[in-house]
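The block underneath contains the structure these notes are about, expressed in structure tokens.
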2 protein chains.
Amino acid sequence: MTNVRFAVAVHVLTLLAHAQAPCTSAFIASSVNTHPVVVRRILGALQRAGLVTGQTGPGGGFRIAKAASKVKLSDVFLAVEDSAAPASHHPNPQCPVGRQVKGLVTDVGKRAEKAFLASLAGQTVEDLARVVRKKAGSAASC
Amino acid sequence: MTNVRFAVAVHVLTLLAHAQAPCTSAFIASSVNTHPVVVRRILGALQRAGLVTGQTGPGGGFRIAKAASKVKLSDVFLAVEDSAAPASHHPNPQCPVGRQVKGLVTDVGKRAEKAFLASLAGQTVEDLARVVRKKAGSAASC
DNA sequence: CTTTCTGCAACAAACATTGCTACAGATGCC
DNA sequence: GGCATCTGTAGCAATGTTTGTTGCAGAAAG
């Protein structure tokens, strides 16, 4: 996979699980090492998935929307990524082998994606936050 | 995933498992519905992985290098794709949370990739070829 | 009504992917 | 030998995706 949205999303959620007060996109961006708008884009996706809430105005920012122990990493993945399955191709429709293979490959990809997501579903943001708390102390800052 | 190399690779190997004689890249390309050079690029990767052999000259072309029942779909995936794990990002090195999370996300991704590949490893090219033979007849052509 | 935020559109730069041309080199056949 | 048929690979254009950035509308708090 080439994009880093999942890694950033997990990073941000772990950060928010740590935090007491709402975090601004500028603060988060300095931890993630990117631009605040990039953070807002990813948090927009997490918001649509019901994982975080954003509040405008002074003292506003983002909060995690529910207990970190209820946020599975598969939820995070699906919030920021369309699919983990390999893409299908477009075989010559006149080739009987090609027609069949296309369907089979799609099925194979879906099964593998399911296994991928099941692995992610075995861990929650809280699991990561616990490790971080232990090793990095409880400071939420940078 | 955005690229279709895995789908094409599986398609081609199923085709080769069917075929009696070597197949030229032009023939394969007409089944896959793409350009012969694209086929040769992907078959180059499969060749480096020891899954197919290519022969130059008249009457040449590509053959499957071993029994289709010994070619796991995970072998095919690894031959044409670097990794199935989500990419990592580059957090601010001064942020203790970011430093920790980066490592954790990498581990999580590797575990999920392992599950993904294990799912693919449960099927071989022969499994697909068998279904195709049943449903599409034994004609290798288009 | 000013300041501090998010939300979003619009754009540029960088990169990945695919299709294509062109050609070097291997190989079989006359 | 000379020719036709292949692979192998470099190079290039077109397209699409991802990321970083600017700019601005609108919500909310004091």
Side-chain angles (χ1 to χ4, degrees), chain A residues 1-9 11-12 16 19 21-49 51-65 79-84 86-92, chain B residues 1-9 11-12 16 19 21-49 51-65 79-84 86-92:
Chain A
M1 201 161 334
T2 149
N3 78 61
V4 301
R5 288 194 296 264
F6 175 67
V8 172
H11 180 154
V12 173
L16 293 184
C23 296
T24 69
S25 61
F27 168 75
I28 296 170
S30 90
S31 168
V32 172
N33 217 18
T34 183
H35 197 280
V37 171
V38 174
V39 169
R40 292 205 289 268
R41 274 209 282 253
I42 290 175
L43 279 139
L46 296 180
Q47 203 164 171
R48 263 167 259 130
L51 302 183
V52 304
T53 58
Q55 176 135 22
T56 59
F62 296 92
R63 289 175 200 269
I64 194 163
V80 296
E81 217 75 44
D82 280 348
S83 153
S88 186
H89 63 318
H90 301 290
N92 183 338
Chain B
M1 203 161 335
T2 151
N3 78 60
V4 300
R5 287 195 296 265
F6 175 67
V8 171
H11 180 154
V12 173
L16 293 183
C23 296
T24 68
S25 60
F27 169 74
I28 296 169
S30 90
S31 169
V32 172
N33 217 18
T34 182
H35 198 279
V37 170
V38 174
V39 170
R40 293 205 289 269
R41 273 208 284 252
I42 291 174
L43 279 133
L46 296 181
Q47 203 164 173
R48 264 166 256 129
L51 302 184
V52 304
T53 58
Q55 176 135 23
T56 59
F62 295 93
R63 288 175 200 269
I64 194 164
V80 295
E81 218 73 47
D82 281 349
S83 153
S88 186
H89 62 317
H90 301 290
N92 182 337

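Labels below follow one simple rule: chain letters A, B, ... track the order of the sequence lines, proteins then strands, and each chain is numbered from 1. Keep in mind that this is a model prediction, so the values were computed, not measured.
By the side-chain hydrogen bond (donor to acceptor under 3.5 Å, both in side chains) test, B/R41 is found to be paired with no residue, residues two or more places apart in sequence or in another chain being considered. Residues satisfying the side-chain contact (heavy atoms from CB on, under 4.5 Å) criterion with A/S83, sequence neighbours excluded, are A/A85, A/E113. Partners of B/R5 according to the salt bridge (Lys or Arg N to Asp or Glu O under 4.0 Å) rule, which considers only residues two or more places apart in sequence or in another chain, are B/E81. Not a single side-chain contact (heavy atoms from CB on, under 4.5 Å) links B/T56 to another residue, sequence neighbours left out. Residues that satisfy the side-chain contact (heavy atoms from CB on, under 4.5 Å) test with B/A49, not counting sequence neighbours, are B/L51, B/A79. For A/Q47, the side-chain hydrogen bond (donor to acceptor under 3.5 Å, both in side chains) criterion is met by no residue, not counting sequence neighbours. Taking B/H90 as the reference, B/K102 meet the side-chain contact (heavy atoms from CB on, under 4.5 Å) condition, with sequence neighbours excluded. Every residue was checked against the ring pair (Phe, Tyr, Trp, His ring centres under 6.0 Å) condition with B/F62, not counting sequence neighbours, and none meets it. Every residue was checked against the side-chain hydrogen bond (donor to acceptor under 3.5 Å, both in side chains) condition with B/T53, not counting sequence neighbours, and none meets it.
Nucleotides of DNA chain D that come within less than 4.0 Å of any heavy atom of chain A span, from the 5' end to the 3' end, D/dT18 to D/dA29.
The side chain of A/Q47 places an N or O atom within less than 4.0 Å of a non-bridging phosphate oxygen (OP1 or OP2) of C/dG7. The shortest distance between the side-chain N/O atoms of A/T24 and the OP1/OP2 oxygens of C/dC5 is not below 4.0 Å.
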For nucleotides 17-25 of chain C, list the nitrogen or oxygen atoms of the protein found under 3.5 Å from its nitrogen or oxygen atoms, one pair per line.
residue, atom, partner, partner atom, Å
C/dT17, OP1, B/N3, ND2, 3.3
C/dT18, OP1, B/V4, N, 2.8
C/dG19, OP2, B/T34, OG1, 2.6
C/dG19, N7, B/R41, NH2, 2.8
C/dC20, N4, B/R41, NH1, 3.3

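Across the helix from C/dC1-D/dG30 to C/dC30-D/dG1, the helix axis at one end is tilted relative to the axis at the other end by 10° (nearest 10 degrees, each axis from five pairs).
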